[in-house]
**Student:** 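Below are the structure tokens for one structure; questions will follow.
In what follows, chains carry the letters A, B, and so on, assigned in the order in which the sequence lines appear, proteins first and then strands, with residues in each chain numbered from 1. Every heavy atom of this structure was used, including side-chain atoms; hydrogens, water molecules and symmetry mates were not.
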There are 2 protein chains.
Amino acid sequence: MKISDLAHRSGLTAHTIRYYERIGLMPRADRDGSGHRDYGPETLIWVTFIGHMKAAGMPISEMLRYARLRQQGAGTSDQRADILRKRRALVAQRITSLQATLDVLDGKIAGYDMERTSNDNDRNTA
Amino acid sequence: MKISDLAHRSGLTAHTIRYYERIGLMPRADRDGSGHRDYGPETLIWVTFIGHMKAAGMPISEMLRYARLRQQGAGTSDQRADILRKRRALVAQRITSLQATLDVLDGKIAGYDMERTSNDNDRNTA
DNA sequence: ATGCATGTTCGAGCGTACTCGAAGTCAAGC
DNA sequence: GCTTGACTTCGAGTACGCTCGAACATGCAT
């Protein structure tokens with residue numbers, strides 16, 4: 001898989017993928033005969049995971065920590081599980097907070113709708 | 001209300017509040033005899049709203065647009081309602097996405113837990 | 001009158017996460 | 001053999017949202 005394919009399938013740009021490799025978030029890619037990056041299917045799994053963690057609001061620094069532990073192998077599972085459990089708690093919190101935000105927005109919107117209705121009434125009763 | 005009070009009650013720093021004023025997100029504050037900012041209670045309502053919109057992921061540029069419309073008065077309610085409705089949709093989307101992320105995390109965590117259990121078994125059966 | 005806390009303005013700096021452009025290489029098609 | 005297009009490296013630039021420090025003013029307590 002070429003970088004453009006991976007870019008297309010992951011929704012990232014080639015620039016961003018190279019950036020991720022540069023900072024160590026992705027392993028150094030294998031190269032084909034002409035020095036171009038050549039990805040196996042497992043890479044797509046990894047970038048997809050990165051995408052999920054990004055959606056979870058995980059900063060790159062923490063992904064890096066996770067990635068490094070992963071490379072160190074099986075002995076680090078507890079630490080990795082810990083990272084994910086903490087992140088899970090934060091995500092759950094974030095959902096709760098967003099639901100509260102939704103209520104605030106709905107309240108405000110209802111306020112504007114009432115204003116509109118009352119204007120309609122003005123018009124109807126004028 | 002002094003800036004330190006507003007800071008304390010809003011969870012922002014005085015620096016941030018002045019920054020918000022600088023960029024137009026908050027109206028120029030009234031001053032007391034010695035030139036210090038002196039806030040009325042309505043200001044706390046506005047910063048609280050800003051906080052909610054920040055939680056909703058609204059960029060400052062959009063808050064600015066909203067704030068400007070608000071200052072222009074009643075004729076702009078439709079536009080303001082529109083901003084909030086669009087933001088509401090984005091927040092709802094974001095919640096859905098975070099819930100999916102939660103599932104991914106739970107799956108991963110369950111994987112690590114199984115690994116642990118199987119290691120326990122190894123130990124027990126060794 | 002002196003110290004100390006709290007305020008002021010202004011501009012510069014920072015952290016995060018990209019994003020882009022320049023300059024060069026390489027393989028394929030015409 | 002020349003153009004085209006996708007790739008390469010490298011370093012610099014951008015966008016956002018603060019965050020901070022310097023230098024100065026003010027007002028209360030000792």
**Student:** Take the angle between the ring planes of A/Tyr112 and B/Tyr66 and call it parallel below 30°, perpendicular above 60°, tilted in between.
**Tutor:** perpendicular
**Student:** Any side-chain heavy atom of A/Asp78 sitting closer than 4.5 Å to one from A/Asp82?
**Tutor:** no
**Student:** Using only side-chain N and O atoms of A/Tyr20, determine if any of them is under 4.0 Å from OP1 or OP2 of C/dC18.
**Tutor:** yes
**Student:** Any Lys/Arg nitrogen of A/Asp106 or B/Arg88 sitting under 4.0 Å from an Asp/Glu carboxylate oxygen of the other?
**Tutor:** yes
**Student:** When the distance from CE of A/Met53 to P of C/dA17 is rounded to whole Å, what number comes out?
**Tutor:** 15 Å
**Student:** Roughly how far, to the nearest 0.5 Å, is CH2 of B/Trp46 from OG of B/Ser10?
**Tutor:** 14.0 Å
**Student:** Of all the choices, C/dG21, D/dT8, D/dG17, which nucleotide is nearest to the side chain of A/Arg18 once you look at every atom?
**Tutor:** D/dT8
**Student:** Among the candidates D/dC7, C/dT6, D/dC20, find the nucleotide nearest to the side-chain atoms of A/Ser4.
**Tutor:**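 Per side-chain heavy atoms of A/Ser4, the pick is D/dC7.
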**Student:** Atom NE2 of B/His15 to atom C1' of C/dT9: distance rounded to whole Å?
**Tutor:**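 Answer to the nearest Å: 11 Å.
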**Student:** Quick one: A/Glu21 CD to C/dA17 C1', roughly how many Å, whole number?
**Tutor:** 17 Å
**Student:** To the nearest Å, give me how far apart OH (A/Tyr19) and P (C/dC18) are.
**Tutor:** 6 Å
**Student:** Could you tell me whether A/Asp30 atom CG has more than 12 heavy atoms of other residues or ligands within 6.0 Å of it?
**Tutor:** no
**Student:** If I take atom CD1 in residue A/Ile17 and atom C1' in nucleotide D/dC7, what distance separates them, rounded to the nearest angstrom?
**Tutor:**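 Computing the A/Ile17:CD1 to D/dC7:C1' distance gives 13 Å.
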**Student:** Using a heavy-atom cut-off of under 4.0 Å over every strand shown, decide if B/Ile23 touches base, sugar-phosphate, or nothing.
**Tutor:**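 Result for B/Ile23 = nothing.
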**Student:** Quick one: which of D/dC18, D/dT8, C/dT19 gets closest to the side chain of A/Thr16?
**Tutor:** C/dT19
**Student:** Rounded off to whole Å, could you give me the NE2-to-C1' distance for the A/His8 and D/dA6 pair?
**Tutor:**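 That distance rounds to 16 Å.
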**Student:** Output the single nucleotide from D/dC10, C/dG21, D/dC7 whose closest atom is nearest the side chain of A/Arg22.
**Tutor:** D/dC10
**Student:** Rounding to an integer number of Å, can you tell me how far B/Ile3 CD1 sits from C/dT8 C1'?
**Tutor:**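 The distance from CD1 of B/Ile3 to C1' of C/dT8 comes to 10 Å, rounded to the nearest Å.
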**Student:** At a heavy-atom distance below 4.0 Å, what parts of residues 26-38 of chain A sit against DNA chain C?
**Tutor:**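 Here the set is A/Ser34.
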**Student:** Does a side-chain N or O from A/Lys2 land closer than 4.0 Å to OP1 or OP2 of C/dC26, or not?
**Tutor:** no
**Student:** Given atom CG of B/Leu64 and atom C1' of D/dC18, what is their separation to the nearest angstrom?
**Tutor:**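 For the pair B/Leu64 CG and D/dC18 C1', the rounded distance is 14 Å.
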**Student:** With a 4.0 Å limit, can you tell me whether B/Lys54 has a side-chain N or O closer than that to the phosphate oxygens OP1/OP2 of D/dC18?
**Tutor:** yes
**Student:** CZ of A/Arg65: more than 12 outside heavy atoms within 6.0 angstrom?
**Tutor:** no
**Student:** Indicate yes or no for a side-chain donor-acceptor contact from B/Thr117 to the backbone of B/Asp113 under 3.5 Å, with no hydrogens or angles considered.
**Tutor:**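 Yes; at least one donor-acceptor contact below 3.5 Å.
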